[in-house]
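Sharing a structure, written as structure tokens. Questions coming.
All values below were derived from every heavy atom in this structure, side-chain atoms included, with hydrogens, water molecules and symmetry-related copies excluded.
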Amino acid sequence: MKDRTRIRSLADHVGETVLLCGWVRRRRSSGSKLHFLQLDDGTGSTQVVVKKGNVPEEQLAAAGHVPFESTVIVRGEVKEDARQAGGVELAAQDFQVLNAAVAEFPIGKKEHGVGFLMDNRHIWLRSRRPQATLRIRAEIIRACRDHLDGRGFTCVDAPIFNSAAAEGTATLVPVEYFGETVYLSQTGQLHMEAAAQALGDVYCFGPTFRAEKSKTRRHLTEFWMLEPEMAFADLEESMDVMESLIAHVIERVLTNCRPELDALERDVSKLESCIPPFPRLSYTDALKQLEGTDAEIPWGEDFGAPQEDLVTTAFDRPILVHRFPTKIKAFYMRPDPAQPEVVLGCDMIAPEGYGEIIGGGERSSDLAYLEAKIAEHGLPKEAYEWYLDLRRYGANPSAGFGMGLERVVSWICDLGHIREAAPYARTMARTYP
């Protein structure tokens, strides 16, 4: 099988005899002498024509009865056919059933409930929509890494097990660890701050966990975060990198994932309009846009979905909302020296009702301030001594952000729920399959 040809490259082999391996997705017959099989190998789909006289009789009969999702090996000639996907089809000369499906495939053309599809996510992935979503997700990951690597960032992996909270104690996921309790990582940011003091501009890209009791279409308990951190950077530089990163991601997806966007029936004009510069407005100015609406909130409250959705309606691209109230942000955020009641932080909010996709800003380098904030939040100081060491030994200005991968995938793919953006979604009620 090492000599097999991938379906994605069939058009390069017109007139040649090739070997294909894949799964039978569909089948139709014209009597007992001619069978048309739709074969998928993960790189694409193609039509295989099994015709009497071209294959032995027992192979012809097998092709007429092979169950859907069976694994087959086919050798044949690649022929041009403009009516088919990729402009080619395969005329079978040898047809072998490697493994026949032993039961009827549970996912058919009929409508299925969300619960059923998520329970069968392991095989729902074979359908067109999940395939397209995961290919776009993979392109987004490549684009993020390429963009940061191209700017001189160094990838540094952050730990999964941590001794304390970074984003608030209410959303920690405890784990028994050799007789003591530790916690699954909420973010790699604190460790990236340490890495930035060694390497300058760094990032991590990995899974994070939040025991947030939320059942909205924007929340998962396990998700992936891209977290760049930059030594000697400020809020403006952080926002610039956010903007350039998302612009690059969109450009890459539009360039390399058109078939997948078509499969998802995505209105690409809405992505094409997301050209920098992105609008920037303060939290206070954003509240003015909410005045007199159902989403109006008093100064000092955090944004929720209603506020995020309404404040973006006037824009056709992501917006950057900065300088949120200090009391609603994490302990490590740096207060604005000119206005200490707000922090030098920023959220990037996607259009079309997809909410916050990035959050970040400047980190406080003031040791006394951080010690006071740790006490104010009731956090165990001993668990943060290593983090405070970063201020004791060469404290420097720094800034960075965290990008929620699944939220970006949801927006770019225009998905109805964030669970579709993960290969195997984890929520309050789901850890299977």
Exercise. Would you say the side chain of Phe205 lies within less than 4.5 Å of the side chain of Val156, judging by non-hydrogen atoms?
Worked result: no
Exercise. Would you say the side-chain atoms of Gln186 and Thr171 include a donor-acceptor pair closer than 3.5 Å?
Worked result: yes
Exercise. Picking from Arg6, Arg126, Arg8, Arg25, what satisfies salt bridge (Lys or Arg N to Asp or Glu O under 4.0 Å) with Asp40?
Worked result: Arg25
Exercise. Does a donor on one side chain sit under 3.5 Å from an acceptor on the other, for Ser244 and His147?
Worked result: yes
Exercise. Is there a donor in the side chain of Gln47 and an acceptor in the side chain of Glu89, or the other way round, less than 3.5 Å apart?
Worked result: yes
For this session: For Asp347 and Tyr283, run side-chain hydrogen bond (donor to acceptor under 3.5 Å, both in side chains): C-alpha distance rounded to whole Å, both residues' side-chain angles, the deciding distance at 0.1 Å, then the answer.
Result: CA-CA 10 Å; Asp347 288 351; Tyr283 167 87; over 6 Å; no
Problem set entry | salt bridge (Lys or Arg N to Asp or Glu O under 4.0 Å) partner of Glu272, the single match among Arg266, Arg258, Arg317 | Arg258
Exercise. What distance separates Gln307 CD from Ile297 CD1, expressed to the nearest 0.5 Å?
Worked result: 4.5 Å
Validation: residues 189-201 side-chain donor-acceptor distances under 3.5 Å, sequence neighbours left out:
residue	atom	partner	partner atom	Å
Gln189	OE1	Tyr332	OH	2.9
Gln189	NE2	Glu193	OE2	2.6
Glu193	OE1	Tyr387	OH	3.0
Glu193	OE1	Arg391	NH1	3.1
Glu193	OE1	Arg391	NH2	2.8
Glu193	OE2	Tyr387	OH	2.7
Gln197	NE2	Leu390	O	3.1
Gln197	NE2	Asn396	OD1	2.9

Exercise. With a 4.5 Å heavy-atom cut-off, do Glu371 and Leu388 have their side chains touching?
Worked result: yes
Exercise. Once you round to the nearest 0.5 Å, how far does CD1 of Ile140 lie from CH2 of Trp411?
Worked result: 9.0 Å
Exercise. Do Ser269 and Asp267 have side-chain atoms, one donor and one acceptor, less than 3.5 Å apart?
Worked result: yes
Exercise. Between Tyr354 and Asp414, does any side-chain donor sit less than 3.5 Å from a side-chain acceptor?
Worked result: yes
Exercise. Salt bridge (Lys or Arg N to Asp or Glu O under 4.0 Å) with Glu139: which of Arg135, Arg137, Arg142?
Worked result: Arg142
Exercise. Taking everything shown except Glu176 itself, do over 12 heavy atoms lie less than 6.0 Å from its CD?
Worked result: yes
For this session: Look at the rings of Tyr177 and Phe161 and say which category their plane angle falls in: under 30° parallel, 30 to 60° tilted, over 60° perpendicular.
Result: tilted
Exercise. Given Glu291 and Lys288, is the salt bridge (Lys or Arg N to Asp or Glu O under 4.0 Å) satisfied, shown in steps?
Worked result: CA-CA 5 Å; Glu291 290 178 357; Lys288 293 177 181 177; over 6 Å; no
Exercise. Is there a side-chain contact between Val24 and Glu69 (heavy atoms, below 4.5 Å)?
Worked result: no
Exercise. With side chains defined as the heavy atoms from C-beta onward, is the minimum distance between Arg252 and Val249 less than 4.5 Å?
Worked result: no
Exercise. Does a donor on one side chain and an acceptor on the other come within less than 3.5 Å for Ser70 and Trp23?
Worked result: no
Problem set entry | Glu251: side-chain hydrogen bond (donor to acceptor under 3.5 Å, both in side chains) partners, not counting sequence neighbours | none
Problem set entry | Nearest-0.5 Å distance that lies between atom CD in Gln84 and atom OG1 in Thr46 | 7.0 Å
Exercise. Is it the case that more than 12 heavy atoms not belonging to Glu376 sit under 6.0 Å from its CD atom?
Worked result: yes
